[in-house]
Amino acid sequence: ADDDYVRKLALALRYDTDGTNPYTSTQANPVYPPLDPALRVYLEYANEIWNSAGGFRCFGENYVQEGAAKACALPEARFVLIGPLQRNKAKAALEAFQEILSVDRPELAARLARLAEELGLRRRAWIQVDLWDEATKLGGCPEAGIPAVVEALAGALPLAGFMAIPPPGHPTAFSQLAELRARWQERLGQPLRLSMGMSEDLEAAIAAGSDQVRIGTALFGERPIRT
């Protein structure tokens, strides 16, 4: 079962040198490529897969309280926050997570930066962006608001890159994000990463230049709705 799990994950991340995907190939005995350690894959539900994750030791969490509990239980692992963050949970998030991917407004960025300095913590921050006017559904900073967030992060929270959850079926979403990254890399004079792509669209995201995909549903099914 563990081998099958790793194969399925590798399926989505690596192709043969001739461009074919061995997992959808018609060949009788396809050769499964190894997982690429350079591609960071954040998996949800960390404690469910810890003992069978084929070496994965970095996990994404949607909720601060759940992630903090797992971080305490698995101190040798690395946890990052990929879900929305409220200002009143900023301190707990900084203490539990090594990276925060959902910084989407100047007020939150400023609070995180101030608390990080007070706590003596250095964390990497990602700006969650919304280029499609979807913020009311999923959160995210509009492009016009990015400069203010970047300015507020200065100091204890170095900018790692941009994270986004594009609307389903948007054909140019990933290329738009790649162009956004290119503009800001030139503006800041530093490399930036992209966290885009989830279970249903990760192949397209990787092809467009994603550095990080976030996989949960493809491995574990739909998460039960919290009540």
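Reckoned from all heavy atoms, side chains included, excluding hydrogens, waters and symmetry mates. Numbering starts at 1 and runs along the sequence shown.
Between Gly139 and Gln128 the shortest heavy-atom distance is O-NE2, 3.5 Å. Nearest approach of Arg181 to Asp211, heavy atoms of both residues: NH1-OD2, 2.9 Å. Minimum interatomic distance between Leu194 and Ala178 (heavy atoms only, all atoms of both residues): CD1-CA, 3.7 Å.
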Hey, can you pull the donor-acceptor pairs under 3.5 Å for the side chains in residues 83-97, sequence neighbours left out?
none

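By the 6.0 Å contact criterion, CD on Glu151 is open, its count of non-hydrogen atoms from other residues, nucleotides or ligands being 12 or less. Residue Glu186 qualifies as open at atom CD: its count of foreign heavy atoms under 6.0 Å is 12 or below.
Under a 3.5 Å cut-off, the side chain of Gln185 and the backbone N or O of Leu192 do form a donor-acceptor pair. Proximity of a side-chain donor or acceptor of Arg105 to a complementary backbone N or O of Val149 within less than 3.5 Å is not detected.
For the pair Glu99 and Arg123, the salt-bridge criterion is not met [side-chain N within less than 4.0 Å of a carboxylate O]. Salt-bridge formation is not detected for the pair Arg111/Glu107: no Lys NZ or Arg NE/NH1/NH2 atom is positioned less than 4.0 Å from an Asp or Glu carboxylate oxygen. Salt bridge annotation for Arg183-Glu143: present, with a cationic side-chain nitrogen under 4.0 angstrom from a carboxylate oxygen.
When only modelled atom types and interatomic distance are considered, Gln190 and Trp184 share no side-chain donor-acceptor pair under 3.5 Å.
Between atom CH2 of residue Trp126 and atom CG of residue Leu153 there is a gap of 13.0 Å, rounded to the nearest 0.5 Å.
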